[in-house]
Amino acid sequence: MFADVVVPRTPLDELTYRFAPEEPGELHPGDIVRVPLRRKTVTGAVLRVRADTEISPEEIQPVIDVVASQFITPDLLRLLRWAADYYVCHLGEVLELVLPQIVSGKAEAVTAEIGAAENGFNSLPSELEQAFNAGNFGVWVTAQRSEFQKLLFDFIRRAFSNGSVIILMPEAYRTEFLPLLRRVWGERVIEYHHQMGKKQQKAAWQAIVRTNHVVVGMRSAVWLPVRRLSGVILVDENAESFKEERVPCYHARDVAVARARFASCPVLVFASPPSVETWWNLRRGKYHLLDRVNFRIDRTNVFVVDMRQHRRELVSPRALRDLRNALKQQQIALCYINRRGLSRYVECADCGTVLKCSRCQSPYILSGAGRVRCRVCGAEDEAPERCAVCQGMNFNYRAPGVDMVVRELKRLGIECQSVTGGAQDVQLAAADAGATGFAPVLVGTRTVLRSDRLRVPGLVVFLNFDTEFTIPDFRSRERAFSLLVSLLSRKPSRLIIQTTRPEDPLLELALQGKVSSFLDQELKLRAEAGFPPYKRLVAVEFSGEEKTVVNWVNKMVSELSVLPGIELLGPVKLLQRRQGNPQFRLIVKLPANLMPAKVIDRRKLRHPRIRVRIDVDPREML
DNA sequence: AGCACGCCGACT
DNA sequence: GTCGGCGTGCTC
């Protein structure tokens with residue numbers, strides 16, 4: 001008999017080994033086995049057992065022994081194949097996610113045990129209840145926080161009486177929900193994520209694979225080889241951390257849905273507002289909406305400031321007044337700006353000349369300590385005191401960042417501090433403020449908003465909302481809209497939106513809470529332009545010595561462009577980050593119903609001296 | 001990914 | 001005549 005075995009942490013697919021049925025005992029798909037590979041013994045997973053093979057007998061090695069029988073469940077085996085096909089990677093790379101390094105492949109023998117049956121819970125919406133009864137897959141979406149909180153515990157109870165529940169949520173939600181979950185399910189609630197330290201993570205993994213639990217994690221938890229998956233919950237599908245940056249660059253939402261489909265269990269998604277992809281699935285009846293997506297928004301404390309009236313200012317008089325009031329009342333005030341640093345380009349206030357890089361003529365970025373830096377070639381220089389053309393000494397700082405805002409606010413006599421780190425940073429700053437009785441204005445990029453998610457924010461100022469939706473990226477309008485709507489739904493005591501495009505329908509629809517209208521419009525735009533969800537994008541990145549890469553990319557472009565139904569965007573040379581090899585990025589647009597691996601052949605892209613990285617469903621175009 | 005093989009230059 | 005640099009290619 002022969003077994004097709006996949007070895008984690010290798011860029012390999014199945015390798016065939018032989019076994020005598022009586023020797024290691026009978027082998028099954030999902031077994032964890034030890035096999036010889038080269039001159040070593042490695043641990044792998046059996047994907048398939050069969051009676052014949054095309055490989056010549058002298059090349060075939062025997063299975064050494066079985067570490068754990070039927071450890072990987074059939075639904076997870078299907079997920080492995082799906083993920084390798086979808087994310088255009090090897091099975092070995094996906095298996096690594098299921099059997100991570102920390103457990104070194106030594107999985108314990110497993111006992112299947114069903115969670116304690118629980119009584120006395122409220123019944124779920126009938127369709128969802130039916131799905132649980134019949135053991136059916138389905139995706140249920142809720143957009144209202146109150147509704148989601150009502151459903152959450154009943155969904156878990158219902159699912160947990162049947163097997164394990166995997167809950168995927170960002171850190172900010174975890175700090176809120178974990179204590180509540182622990183109060184009900186005690187020890188059966190287990191955290192699993194990368195912030196918890198290797199030792200703890202290993203202990204969590206071993207407990208989770210032994211018996212049923214309520215698992216709470218971020219994206220990696222979606223791959224856990226739980227005994228029996230009976231429900232998945234995904235909170236805040238717009239959270240950026242659901243997308244993995246390393247290969248395979250999976251999105252936890254998509255993996256969760258695929259996994260639930262193979263495991264035939266329901267998925268509950270809290271999406272406020274839903275993503276365009278989810279909205280499309282709701283519209284065509286693939287997902288079920290449990291409530292409404294639109295919000296009732298109280299506009300009395302929301303102000304849109306037309307910055308065309310205040311061209312030269314970073315902070316409008318209205319915002320300035322409110323920030324001063326907030327300081328006086330010791331209320332938490334947040335200033336949001338989309339960029340870090342001081343300024344993305346500097347121009348002479350007198351003649352309009354833009355400071356440019358001496359080497360490549362790209363606009364210089366003003367960084368701290370009076371220096372300028374080129375983001376294309378990495379050159380760095382002393383910031384000049386005078387304009388080279390007219391000798392003027394006044395400069396305008398366009399497209400300012402966090403540091404510039406801090407500088408400007410301080411000049412205006414506003415106590416403030418920048419927040420750069422994670423959510424904890426702001427919690428700390430807030431706690432600090434509570435202790436000292438003084439709350440400076442907090443200035444930052446997205447984290448500054450995320451931090452305050454769980455409480456009602458005080459004053460929030462969007463300093464330059466334009467940069468949110470004018471970025472040339474098909475997702476930028478969706479991102480800007482969801483940022484605004486999720487903030488509005490948290491009802492800040494006062495919100496100021498500074499923009500030079502107050503008439504943009506995006507703003508009006510957000511301020512009216514008309515989520516469905518916006519998403520419908522967005523779907524129309526995506527359909528017309530041929531973007532997701534109507535098309536699928538795959539980014540292929542090449543890096544290496546410039547000349548070699550250019551030649552190779554051109555060759556790949558000519559090979560890919562002849563394929564039917566394929567459209568190529570680029571290639572584009574990416575802005576260089578510090579020193580290193582130049583990177584080129586090619587975006588392949590394919591029909592949404594095609595599996596990427598059916599079109600993109602990894603082996604053909606390979607080149608000995610070029611690093612190739614494939615990102616399916618990239619988050620950004622650049 | 002690792003790891004061996006192999007073909008070239010520098011050294012005993 | 002040997003050691004070791006890394007470019008190339010394979011793993012059942």
Side-chain angles (χ1 to χ4, degrees), chain A residues 1-21 23-67 71-72 77 80-81 83-85 87-106 194 198 220 223 244-250 540-552 555-556 580-581 597 600-616:
Chain A
M1 293 289 284
F2 303 98
D4 290 340
V5 175
V6 179
V7 180
R9 283 169 291 284
T10 60
L12 298 173
D13 287 322
E14 298 122 296
L15 300 175
T16 306
Y17 291 86
R18 68 183 147 77
F19 67 98
E23 202 31 61
E26 207 173 316
L27 281 189
H28 319 269
D31 287 356
I32 307 294
V33 291
R34 292 195 304 149
V35 290
L37 182 66
R38 285 287 161 113
R39 250 149 254 190
K40 277 182 156 181
T41 300
V42 293
T43 308
V46 175
L47 251 62
R48 196 155 61 122
V49 172
R50 52 193 172 133
D52 51 27
T53 178
E54 21 353 302
I55 297 170
S56 60
E58 61 271 20
E59 283 179 69
I60 294 207
Q61 295 278 336
V63 172
I64 297 169
D65 57 10
V66 181
V67 180
F71 182 77
I72 300 180
L77 288 175
L80 289 176
R81 289 196 187 280
D85 265 2
Y87 292 110
V88 202
C89 61
H90 296 280
L91 286 164
E93 293 170 312
V94 194
L95 186 60
E96 184 175 347
L97 301 165
V98 177
L99 301 173
Q101 185 104 65
I102 45 154
V103 298
S104 58
K106 279 186 190 165
H194 290 300
K198 290 251 185 302
S220 57
W223 301 100
E244 173 64 64
E245 299 281 312
R246 291 161 297 185
V247 269
C249 307
Y250 65 91
V540 187
E541 289 170 13
F542 303 84
S543 70
E545 191 268 312
E546 177 128 19
K547 222 173 149 187
T548 324
V549 181
V550 170
N551 287 336
W552 189 247
K555 194 163 172 239
M556 291 300 109
N581 282 325
I600 296 163
D601 188 343
R602 274 188 76 93
R603 285 164 303 179
K604 281 192 183 157
L605 292 167
R606 272 183 65 176
H607 181 110
R609 298 169 67 194
I610 294 171
R611 219 192 55 152
V612 181
R613 180 176 173 274
I614 297 175
D615 184 355
V616 177

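Only heavy atoms go into these numbers, but all of them, side chains included; no hydrogens, no water, no symmetry mates. By convention in this document, chain letters (A, B, ...) are assigned in the order of the sequence lines, proteins followed by strands, and residues within each chain are numbered from 1.
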Inset, instruction - Round to the nearest Å and state the distance from A/Leu95 atom CG to B/dA1 atom P. - result: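 Whole-Å distance recorded here is 16 Å.
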
Inset, instruction - Starting at atom CG of A/Leu91, determine the distance to atom P of B/dA1, rounded to an integer number of angstrom. - result: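 Checked: the CG to P distance equals 16 Å.
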
Inset, instruction - For A/Asn551 and A/Thr548, indicate whether the former's side chain and the latter's backbone hold a donor-acceptor pair under 3.5 Å. - result: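 Answer holds: no.
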
Legend entry - Check: A/Leu95 main-chain N/O paired with A/Trp223 side-chain donor or acceptor under 3.5 Å: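 No.
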
Inset, instruction - Name all residues meeting the side-chain hydrogen bond (donor to acceptor under 3.5 Å, both in side chains) criterion together with A/Arg609; count only those two or more places apart in sequence or in a different chain, and write none if there are none. - result: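 Partners of A/Arg609 by the side-chain hydrogen bond (donor to acceptor under 3.5 Å, both in side chains) criterion come out as none, since no residue qualifies.
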
In a table with atom names and distances, give each donor-acceptor pair under 3.5 Å that connects a side chain of residues 55-64 of chain A to protein atoms at least two apart or in another chain.
{"unit_1": "A/Ser56", "atom_1": "OG", "unit_2": "A/Glu59", "atom_2": "OE2", "d": "2.9"}

Under 3.5 Å, which N/O atoms of the protein pair with N/O atoms of nucleotides 6-12 of chain C?
{"unit_1": "C/dC10", "atom_1": "O2", "unit_2": "A/Arg38", "atom_2": "NH2", "d": "2.4"}
{"unit_1": "C/dT11", "atom_1": "O4'", "unit_2": "A/Arg38", "atom_2": "NE", "d": "3.1"}
{"unit_1": "C/dT11", "atom_1": "O4'", "unit_2": "A/Arg38", "atom_2": "NH2", "d": "3.1"}
{"unit_1": "C/dC12", "atom_1": "OP1", "unit_2": "A/Tyr17", "atom_2": "OH", "d": "3.4"}
{"unit_1": "C/dC12", "atom_1": "OP1", "unit_2": "A/Pro36", "atom_2": "O", "d": "3.2"}
{"unit_1": "C/dC12", "atom_1": "OP2", "unit_2": "A/Arg38", "atom_2": "N", "d": "3.4"}
{"unit_1": "C/dC12", "atom_1": "O3'", "unit_2": "A/Thr16", "atom_2": "O", "d": "2.9"}
{"unit_1": "C/dC12", "atom_1": "O3'", "unit_2": "A/Gln61", "atom_2": "N", "d": "2.7"}
{"unit_1": "C/dC12", "atom_1": "O2", "unit_2": "A/Thr16", "atom_2": "N", "d": "2.6"}

Inset, instruction - Report yes if a side-chain nitrogen or oxygen of A/Lys40 is closer than 4.0 Å to either non-bridging phosphate oxygen (OP1 or OP2) of B/dG2; otherwise report no. - result: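 No, outside the criterion.
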
Inset, instruction - Return the minimal non-hydrogen interatomic distance between A/Ala597 and A/Ala84, and the atom names on each side. - result: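 Result for this residue pair: CB-O, 4.4 Å.
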
Inset, instruction - Evaluate salt bridge (charged side-chain N to carboxylate O under 4.0 Å, His left out) for A/Arg81 paired with A/Glu14, printing each intermediate quantity in order. - result: CA-CA 11 Å; A/Arg81 289 196 187 280; A/Glu14 298 122 296; 3.1 Å; yes

Inset, instruction - For A/Arg39 and for A/Glu93, locate the closest nucleotide of DNA chain B by heavy-atom distance; then report the residue assigned to the nucleotide nearer the 5' terminus. - result: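 First, find each residue's nearest nucleotide; the 5'-ward one identifies A/Glu93.
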
